[in-house]
Number of protein chains: 2
Amino acid sequence: MKNKKVTAMDVARLAGVSQSSVSRAFSENSSISIKKKKIILEAAEQLGYQPNAIARGLITNQSRIIGIVMRNIQNPFFPEVLDRFYSRLSEKGYHVMFINSQNNEIQEEEVSHLIEYSVEGAIITDALLTSSAVQKFTRNGISVVLFNRYVNDSLSNAVVCDNFAAGKKIGHYLIEKGHENLAFISGPVNTSTTVDRRNGFQSALAEHGITSFLKENGLYSYRGGYIAAQRLLEQDKDIDAIFCSNDISAFGAIDYLRKQGIRVPEDISIIGFDNVAMADWSSYALTTWHQPIDEMVDSSIELLLNNVNGEVRSPEIQRLEGHLVERGSVMDRR
Amino acid sequence: MKNKKVTAMDVARLAGVSQSSVSRAFSENSSISIKKKKIILEAAEQLGYQPNAIARGLITNQSRIIGIVMRNIQNPFFPEVLDRFYSRLSEKGYHVMFINSQNNEIQEEEVSHLIEYSVEGAIITDALLTSSAVQKFTRNGISVVLFNRYVNDSLSNAVVCDNFAAGKKIGHYLIEKGHENLAFISGPVNTSTTVDRRNGFQSALAEHGITSFLKENGLYSYRGGYIAAQRLLEQDKDIDAIFCSNDISAFGAIDYLRKQGIRVPEDISIIGFDNVAMADWSSYALTTWHQPIDEMVDSSIELLLNNVNGEVRSPEIQRLEGHLVERGSVMDRR
DNA sequence: AACAATTTTGCATACGTATTCAAAAATCAA
DNA sequence: TTGATTTTTGAATACGTATGCAAAATTGTT
C-alpha cells in the first residue's frame, strides 16, 4: 500500500507552526527565528519530509533544471563534457535533464520537452538550432548556449574552441616538422568544427605555398577515419601527414595504416583533435590538439546563467584557445 | 522584457471554451468533441502554448521523469548504457534526469534530489544503495533498480550480466586454448562484478586442478590495468593468459605488455569483459565477453515500471547471459 | 511603563493543470 | 414529439509550495 506523501502541512502540525513557517525553514534568506527553525527541521527529519520541487517550481517558476542535449554520447569526448557540465551545474544547485539527440538540428519534440519542464537553460552540444527552435526558447524565456558548434545567424550564444587558429597552428606544426604532402580527414561537411579546422589548416599551408591538399570525410568516427585513410592512400601514396579533425577518426586512420604495414609516424604522421583519454594510451600515443573543455564548460554556464532571466542580449560566440599535445604520432622529419 | 507565459487559460479564451476543455484536448482518452479539439489545438498553435509539465506533475503526481544515477561516465561502457536507457525510456514517454555519481554508494543528497523531483523511478548504475536510501525511496513510492551491480540484502531489484557463468566460461575457454598459467585482473574488490567474475573463473580453473592464480586490482581503469599487468609480470614471468574483468583495464594491460616487448597474444593472451566499441579496433582486436546491454536495459526498465506504483514485491536479481566475442588477443596454443 | 521600531509569523492567495461532478447538449428510440 | 440515454462541457476544486501583507510578538529607547 502506497504511503501517504508527507507534506509541509504535516510538518507544520507536528511542529506547531504554520505551513508558511515550514517553507521558510527550508529556504535561505527567510525571516524565521532560530528556535522555531530548529523545531521545524527536527519535525521534518522525524516525518521524513522532503520538499516537493515540482510544487516549488510551479510557484517560483524556477525548475532548477538545465537541459543538456547531447549527440554522439559514445564519442569519448562527450562523456567528458557531460561529466564537467554535471559537476559545475550541481555545484550551482542545478539538476540535469539529459536528452540524447540523433540529428544535426535539435528536433521540435526535444524543444517541446525542454519547454514543458520549464528548464532554466539548455546546453546544445554538437547540434544546431532551427530559427523556429530559437523562437520557441526565446518566447519561453529559456536561455540556450550551443557548445562546440555555432552558426553565423546571430541568434544563438555559442562557445567553441578556436578551431580556425588551432587548424592553422596544426598546419604550421606539421610543416615545421618537415612534412610536405599533407592531407585532411574531416568530420561531417558544413559543420562549423569541420569548416573552421580545415580553413585554418588551409590558411597555414597557403602561407607555405601549398595550395591544395587531399580531403576525405571521416564522419568523426573510427570507421569513418579508417575508410577515409584508405581513400586518401588510394589517391596518393606519398602522403606524409594526415590531420584528422577529431581523435576518434585519427584512431581509425592509424589502424588502417597499420593494417597496411604503414608505420605511424615513421611513414605517415597522424595528428588528431580533442585529446580524449585514449589519445594518451601507448598503443596510439596520439599527438593531438587539446580542447579546453573546462574553460568551455565554464564559459557556457556563465553565458547560460547570465541569460536565464530571459534578457535579450546580442548573441555572442566565444572562441577559446586550446593547445598542442605532442606524443608519438607525428614524426620530426627535419 | 520577458514574455508572459501562455497558459491553458489563454488558449481557452481564444478558442471560446473552458480551461478544462483545453486540458482535455491535450490528453489522451479524454471526452471531447472532434470539432472542439481541432479549434483548441489551432488556438494553441497560434499562441505557442506548451502544456506545463510541472503543473501537470503536481496534479497527477506523475513527473514522467526517470532518474539515472551513473558512475564512471568516461568508461565507454556507460555511455552505451546511457544511450540505450535513453532510447527505451523516451519511447515510453519518460524523460531522464541524469546524476553523475562519484561514490560506491549513492549519496543522501542524490537520493534527496530524486525524491524532490518525484521521479517515477531510478536506475542506479555501478553503485549501491544504503539501507537508509532504500527506505527513503520506498517511503516515497519510488521504484529503484540496480544496473550491473547487486547486493544480497534482498532489498533492491537488480539486473546484471550472469558474471559467474561468464567467468567460468572464460576460464574453460582459456584452458581449452592451451593456457596453463593464468592470472586475473579485477575491478575494485568486493564489488559484485569483480567477485562473481573471479569466482566463476576460479570455479573453472578448479575443475582443471588449478587451485590458485595471481590476482591484481586493475580498478576497472586503463592505468589500473597497466599497473596490474606490471605487478603480475613482476610476480611471475611465465603467465600465459590474463583475464581482465573489464575491457578498459584489458587495454591498459595490453599496452603495458607491448611496452615490454611482450607480444599479445603470442606471448601472453588477454581477454576482457564488456565488449565496448574499441574492443573491435584493430590495434586491440580484443577477445572479450559481450555484456547483453540491450536485454539488461529492457529488463531493468520492465522491472522498474512494474514497480512504479510502489507495490511492495520481493526484490529480485535478474542475471542475463552474455557471450564470448573472439578477436585476436587470445592465442590458440593447442 | 509607554511608545516606537523591528522582527516574526500566519492567513490568504496564486501558480497551471487534471479531474470530479453535475449541468447542458446531443443523440436515439418509441 | 417526447422521453430516455449518452456524451460533452464548464465550474469548482485540489495538488504543495512560496510569498505578500498585515497582525502579533519582540526588542529597544525614553
Side-chain angles (χ1 to χ4, degrees), chain A residues 2-41 43-44 47-65 112 115-120 140-141, chain B residues 2-41 43-44 47-65 93 112 115-118 120 140-141:
Chain A
K2 194 167 181 175
N3 295 316
K4 185 180 177 305
K5 186 180 288 186
V6 176
T7 73
M9 283 299 300
D10 301 312
V11 176
R13 269 185 226 110
L14 183 61
V17 297
S18 71
Q19 175 266 320
S20 46
S21 291
V22 175
S23 182
R24 291 196 178 96
F26 278 86
S27 298
E28 297 168 20
N29 308 323
S30 286
S31 199
I32 184 164
S33 78
I34 303 284
K35 195 166 115 187
K36 281 287 181 67
K37 181 169 179 170
K38 188 167 178 295
I39 293 171
I40 292 169
L41 294 183
L47 293 172
Y49 168 72
Q50 197 78 54
N52 185 322
I54 291 182
R56 181 180 64 214
L58 187 56
I59 282 283
T60 60
N61 200 28
Q62 288 176 336
S63 62
R64 306 205 71 75
I65 297 178
S112 295
I115 294 175
E116 259 193 288
Y117 283 84
S118 300
V119 301
E120 299 197 28
N140 285 274
Chain B
K2 192 168 186 177
N3 295 318
K4 185 179 177 305
K5 185 179 288 185
V6 176
T7 72
M9 283 299 299
D10 301 310
V11 177
R13 269 185 226 109
L14 183 60
V17 297
S18 72
Q19 175 266 321
S20 47
S21 292
V22 174
S23 182
R24 290 194 180 98
F26 279 85
S27 298
E28 296 168 20
N29 308 323
S30 286
S31 198
I32 183 161
S33 76
I34 303 285
K35 194 167 117 187
K36 281 289 181 63
K37 181 167 178 171
K38 187 168 178 295
I39 292 171
I40 292 168
L41 293 184
L47 293 172
Y49 168 72
Q50 197 78 53
N52 185 322
I54 293 181
R56 183 180 64 217
L58 186 57
I59 282 283
T60 60
N61 199 29
Q62 289 176 335
S63 62
R64 305 205 72 76
I65 298 175
S112 295
I115 294 175
E116 259 191 288
Y117 283 86
S118 303
E120 299 196 29
N140 284 274

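Labels below follow one simple rule: chain letters A, B, ... track the order of the sequence lines, proteins then strands, and each chain is numbered from 1.
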Check the distance between [N]'s [atom2] and [X]'s [atom1] and give it to me in whole angstrom.
X	N	atom1	atom2	value
A:K5	D:dT17	NZ	C1'	12 Å
A:I40	C:dG10	CD1	C1'	12 Å
B:L58	C:dA14	CG	P	16 Å
A:Q19	D:dG20	CD	C1'	14 Å
A:I32	D:dT26	CD1	P	14 Å
A:I34	D:dA25	CD1	P	21 Å
B:N29	D:dT7	CG	P	15 Å
A:Y117	C:dT17	OH	C1'	13 Å

Let's see if you can work this out: which of [options] has an atom nearest to the side-chain heavy atoms of [X]?
X	options	value
B:S21	D:dG10, D:dA18, D:dA12	D:dG10
A:R24	C:dT17, D:dT19, C:dA18	D:dT19
B:N52	C:dT17, D:dT8, C:dA12	C:dT17
A:I59	D:dA18, D:dT9, C:dA18	D:dA18
B:A8	D:dT8, C:dT17, D:dG10	C:dT17

To the closest 0.5 Å, what do you measure between CG (B:N140) and CD1 (B:I115)?
4.0 Å
Just how far is it from atom CG of A:L41 to atom OH of A:Y49, taken to the nearest 0.5 Å?
10.5 Å
Within less than 4.0 Å of OP1 or OP2 of [N], is there a side-chain N or O belonging to [X]?
X	N	answer
B:S31	D:dT8	yes
A:S20	D:dA18	no
A:Y49	D:dT17	yes
B:K36	D:dT9	yes
B:T7	C:dG16	no

Compare all side-chain heavy atoms of B:V17 with those of B:I39 and state whether any distance is below 4.5 angstrom.
no
Under 3.5 Å: donor-acceptor pair, side chain of B:S118, backbone of B:S63
no
Between the main-chain N or O of B:E116 and the side-chain N or O of A:Q50, is there a donor-acceptor pair closer than 3.5 Å?
no
Give A:V17 one of three labels, base, sugar-phosphate or nothing, depending on what nucleic acid heavy atoms sit under 4.0 Å from its own.
sugar-phosphate
With heavy atoms under 4.0 Å as the rule, sort B:S33 into base, sugar-phosphate or nothing.
sugar-phosphate
